[in-house]
Asks: 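Got a structure for you, questions after.
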Protein chains: 2
Amino acid sequence: MKPANIRDVARRAEVSVASVSRVLNGAGPVTDATRKKVMEAVEALQYVPHSGARSLSTSRSHTVGVILPDLYGEFFSELIRGVDLAARERGYHLIVSSSHDEAEAAAAAVRSMRGRVDGLILMSPHAEVGQATAAVTGGLPVVRLNDGAAGADGPSIVVDNRGGSVAAVEHLISLGRTRIAHVAGPTDNLEAEARLSGYLEAMAGAGLDARVIEGDFDMASGRRAGLDLARGDGVDAVFAGNDMMALGVMLALQDAGLRCPEDVAVVGFDDVPLASLVRPALTTLRIDIAEIGRSALTRLLAQIDGQPDAGRQIVRPELVIRGSTSGPDAKTRAANERTPVAHHSAQGDHQDV
Amino acid sequence: MKPANIRDVARRAEVSVASVSRVLNGAGPVTDATRKKVMEAVEALQYVPHSGARSLSTSRSHTVGVILPDLYGEFFSELIRGVDLAARERGYHLIVSSSHDEAEAAAAAVRSMRGRVDGLILMSPHAEVGQATAAVTGGLPVVRLNDGAAGADGPSIVVDNRGGSVAAVEHLISLGRTRIAHVAGPTDNLEAEARLSGYLEAMAGAGLDARVIEGDFDMASGRRAGLDLARGDGVDAVFAGNDMMALGVMLALQDAGLRCPEDVAVVGFDDVPLASLVRPALTTLRIDIAEIGRSALTRLLAQIDGQPDAGRQIVRPELVIRGSTSGPDAKTRAANERTPVAHHSAQGDHQDV
DNA sequence: GTGTGTCATGTAACCGTTTACACATTCGGC
DNA sequence: GCCGAATGTGTAAACGGTTACATGACACAC
């Protein structure tokens, strides 16, 4: 049995299709009597408007696309979560597509979404991806995330990675650390690059020697870096390009018999949920990832509605000091604990130390 | 400037719209000359077919919906990843909607997707959600995940949670542990319930006393449970309802000065990526989450194509023995290491101990 | 009683595809 | 030279909504 269409509803309610449409969209004048008849018919027939037909005549799909380089790990799920929450509030749907590390794949994803979405949220940490996608969006509203493409002055949200790194290094210096190493992210990643350059800048500014180890943004590479450092001539602090690598470093140090923070202080970047749960809890630069997602969606919808956009928006990470850089001083740290977003229900009484 | 439509392309290529359509869909006979002219026009006009119009005339949207209780944490991102990868291979798009813990929200999500998708992947660990959504799918192809709803004999994939729990307990018993506690997941979650009942069954079967502590499936609740246990009369093993709680337990034990596995062995469930990266690496029941996602999508598409479905498919978790239950015996464990799916590029030489 | 304005409703054109069917062309077989 | 068959192409009717415009009913003022 084919699903009911608007004409079936109109026939059953003994009104015209126009009235049905008006009732369903809350637009135009209708008497209460008509409204009631229509609603009954809709209910009886289990009628759901065909979104394709609707988008055909209104040229609006009430759907936005989210294109990400990957879906792996806490960062992306947190981001989608923020976008999804905001989208549901506004009655929008989300088409996601991930694993677009390469320029070509990302461009294909953009193309395949044309005509299917009203706008795009596009994350492209690689420079070429940013350029390749810019060529094919063709007038579609877009909000870009963490995209460092030169000359990109369109709507975007970028994290002040460089500034965050400077804050991290300055914090370590203020604790009296001087032999500070950096575990960098992948070299083709613009965010990793910005964090590295902030580190180099701050070290140079303080007259200290820089020491950089390459990593991949994953925990395993952090662990390798940590083993390297533990084996070497001795550093008294490590600033890692993200939290997962910082955690890897901490585990490696622990394996090597070094104490954190006494022997080596560790700082991460992102403040993923895990960061406040490990011991010692990780000092890091907090980015409210879900909030970035929400903000991206809100700005995208504003753009779709034809409002002028604010252009580039900069998010400044906040230094959250926890056990991995400070001694056990429960009072100051308690104030910095992240409220955990619990899987099912958040009970507030978890004890972080 | 409005985007080009099929008539614009036809005019420019000096052919009819039917020929354009045939070229674009690869259906029906066309000469090479026609194909070439059409392709040139498509290229020149940057033509992209309007998916709404297409879905209107074919009543296919080439889109499937994914409805999840939540998006938080590694489990869900891994699942979506599997679904997304399979969908892209087959040319399908994905509409995701999360945070449907409650029956009503889930039912609303299903309704809002009717007419917009060709089928649904529906995860509903709560019994009422399963029932509420069953009422509104109305003939739409559906694959259900981890849904324990009574009488549900439609297409679904369920994890043998009970069997996994039995294997975990038996493993601990084989190591000589007898005072084995269980940290359970939320009571309204069907998976948590099945894991609990497997534990109880295995303990009873071995003539051992059961000890159950309530948790939430998140790390903070595992930590609380671990503190409780460390403070108490002494257990020699803990089987947690999922990996995140197991990790929380391990951290708490560590804080309390207990050694793992020497004093207390710990077993988790799921094998999230993190499980093999912590120290000691966590013994757990591996579920290939991404593979479940892929399989769900494949079966959904088969169903959409009108093929008969296999009904309920059961996934048996595999016991992966790591450091949290066995002494340092590198050889046997090395074989069980999970290949890490790296954030950006997996380099194989990470050293797990 | 006629003219005018308001308001609810109906009619039909249009949105951009696919595709059944009709048509035109070419070719081979006789 | 005529008759199918085969092949490529075009025409037009769906598909299921939205909405500009027309229509009809009714109230009110003159």
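To find a chain, count down the sequence lines: A is the first, B the second, and so on, and within it residues start at 1.
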Asks: What is the distance, rounded to the nearest whole Å, between atom CZ of A/R7 and atom P of D/dT19?
Replies: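 It works out to 15 Å between those atoms.
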Asks: Between C/dT19 atom P and B/R60 atom CZ, what is the distance in whole Å?
Replies: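 It is 11 Å, rounded to the nearest whole Å.
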Asks: Between the base of D/dG10 and the side chain of B/R22, is there a donor-acceptor distance below 3.5 Å?
Replies: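 Indeed there is one.
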Asks: Side-chain contact test, heavy atoms from C-beta onward, threshold under 4.5 Å: evaluate it for A/R299 versus A/I157 and give yes or no.
Replies: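 Result yes, sub-4.5 Å side-chain heavy-atom pair found.
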Asks: If the cut-off is 4.0 Å, is B/S19 near the phosphate of D/dG10, judged by side-chain N/O to OP1 or OP2?
Replies: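 So the side chain of B/S19 is within the cut-off, an N or O lying under 4.0 Å from OP1 or OP2 of D/dG10.
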Asks: Could you work out which one of C/dG16, C/dT18, D/dT9 sits closest to the side chain of B/A53?
Replies: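 Output: C/dG16.
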Asks: C/dA8, C/dT17, D/dT18: which one has an atom nearest the side-chain heavy atoms of B/I6?
Replies: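 From the listed options, C/dT17 comes nearest.
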Asks: So for atom CD, which belongs to A/E104, do other residues, nucleotides or ligands contribute more than 12 heavy atoms lying within a distance under 6.0 Å?
Replies: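 Not buried by this count: 12 neighbours or fewer within 6.0 Å.
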Asks: The side chain of B/L56 is closest to which nucleotide in this list: D/dG10, D/dG16, D/dT18?
Replies: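 So the side chain of B/L56 is nearest to D/dG16.
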Asks: For the pair made of NE2 in A/H50 and C1' in D/dT18, what is the distance, rounded to whole Å?
Replies: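 In whole Å, D/dT18 C1' lies 15 Å from A/H50 NE2.
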Asks: When you get a sec, tell me which of C/dT18, D/dT9, C/dA8 is the closest nucleotide to the side chain of B/T34?
Replies: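 The listed nucleotide nearest to B/T34's side chain is D/dT9.
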Asks: Send over the distance from B/E14 CD to D/dG8 C1', rounded to a whole Å.
Replies: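 After rounding, the reported distance stands at 17 Å.
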Asks: Let me know the distance between CZ of A/R11 and P of C/dT11, rounded to the nearest Å.
Replies: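 In whole Å, C/dT11 P and A/R11 CZ are 13 Å from each other.
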Asks: Nearest to the B/V30 side chain among C/dT17, D/dT9, D/dT11, which nucleotide is it?
Replies: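 Of C/dT17, D/dT9, D/dT11, D/dT9 is nearest to the side chain of B/V30.
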Asks: I need the CG-C1' distance between A/D8 and D/dG16, as an integer number of Å.
Replies: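 The distance from CG of A/D8 to C1' of D/dG16 comes to 10 Å, rounded to the nearest Å.
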Asks: Give the intermediate values and the outcome of side-chain contact (heavy atoms from CB on, under 4.5 Å) for residues B/V20 and B/R7.
Replies: CA-CA 9 Å; B/V20 176; B/R7 265 170 269 271; over 6 Å; no
Asks: Can you tell me if the side-chain N/O atoms of B/S55 get under 4.0 Å from OP1 or OP2 in C/dT17?
Replies: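 No, B/S55 has no side-chain N/O under 4.0 Å of OP1/OP2 on C/dT17.
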Asks: Nearest to the side chain of B/S57, which nucleotide is it out of C/dT18, D/dT18, D/dT11?
Replies: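 Closest nucleotide among those given: C/dT18.
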Asks: May I ask you to say what A/S59 touches in the nucleic acid, namely base, sugar-phosphate or nothing, with a heavy-atom cut-off under 4.0 Å?
Replies: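 Contact class for A/S59: none.
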Asks: Using the side-chain heavy atoms of A/P29, tell me which of these nucleotides is nearest: D/dG10, C/dT9, D/dT18.
Replies: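 Of the options given, the side chain of A/P29 lies nearest C/dT9.
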Asks: Taking for each residue the nucleotide of DNA chain D with the nearest heavy atom, is it B/T31 or A/V17 whose nucleotide lies nearer the 5' end?
Replies: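 Its nearest nucleotide being more 5', the pick is B/T31.
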Asks: Kindly indicate whether the side chain of B/R54 and the base of C/dG16 share any N or O donor-acceptor pair separated by less than 3.5 Å?
Replies: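 By the distance-only test, no, there is no pair.
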Asks: What is the separation between atom CZ on A/R35 and atom C1' on C/dT9, rounded to the nearest whole Å?
Replies: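 Nearest whole value for this atom pair: 14 Å.
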Asks: Could you state the atom-to-atom distance from NE2 of A/H62 to P of D/dT18 in whole Å?
Replies: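 Atom-to-atom, A/H62 to D/dT18, this comes out as 11 Å.
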Asks: Salt bridge or not between A/R81 and A/D84? Use side-chain N to carboxylate O under 4.0 Å.
Replies: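 No.
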Asks: So, is A/S21 near the phosphate of D/dT18, with a side-chain N or O under 4.0 Å from OP1 or OP2?
Replies: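 Result: yes.
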Asks: Report yes if a side-chain nitrogen or oxygen of B/N5 is closer than 4.0 Å to either non-bridging phosphate oxygen (OP1 or OP2) of C/dC15; otherwise report no.
Replies: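 For C/dC15, neither OP1 nor OP2 has a side-chain N or O of B/N5 closer than 4.0 Å.
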Asks: Counting only heavy atoms not in A/E43, do more than 12 fall under 6.0 Å of its CD?
Replies: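 Atom CD in A/E43 is not packed in, count stays at 12 or less.
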Asks: As a test of reading the structure: which of D/dT18, C/dT17, D/dT11 is closest to the side chain of B/Y47, going by heavy atoms?
Replies: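 For B/Y47, the side-chain atoms sit closest to C/dT17.
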Asks: Between D/dT9, C/dG10, C/dT17, which nucleotide gets closest to the side-chain atoms of A/V15?
Replies: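 Output: C/dG10.
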Asks: Find the bend of the helix from C/dG1-D/dC30 to C/dC30-D/dG1 as the angle between its two terminal axes (five pairs each), to the nearest 10°.
Replies: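 Computed from the C1' atoms at both ends, the axes differ by 60°.
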Asks: How about A/R116 and B/T63: does a side-chain donor come under 3.5 Å of a side-chain acceptor?
Replies: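 Checked: A/R116/B/T63 side chains pair up, N/O donor to acceptor below 3.5 Å.
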Asks: Taking atom CD of B/E14 as the centre, does the number of heavy atoms from other residues, nucleotides or ligands within less than 6.0 Å exceed 12?
Replies: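 Open.
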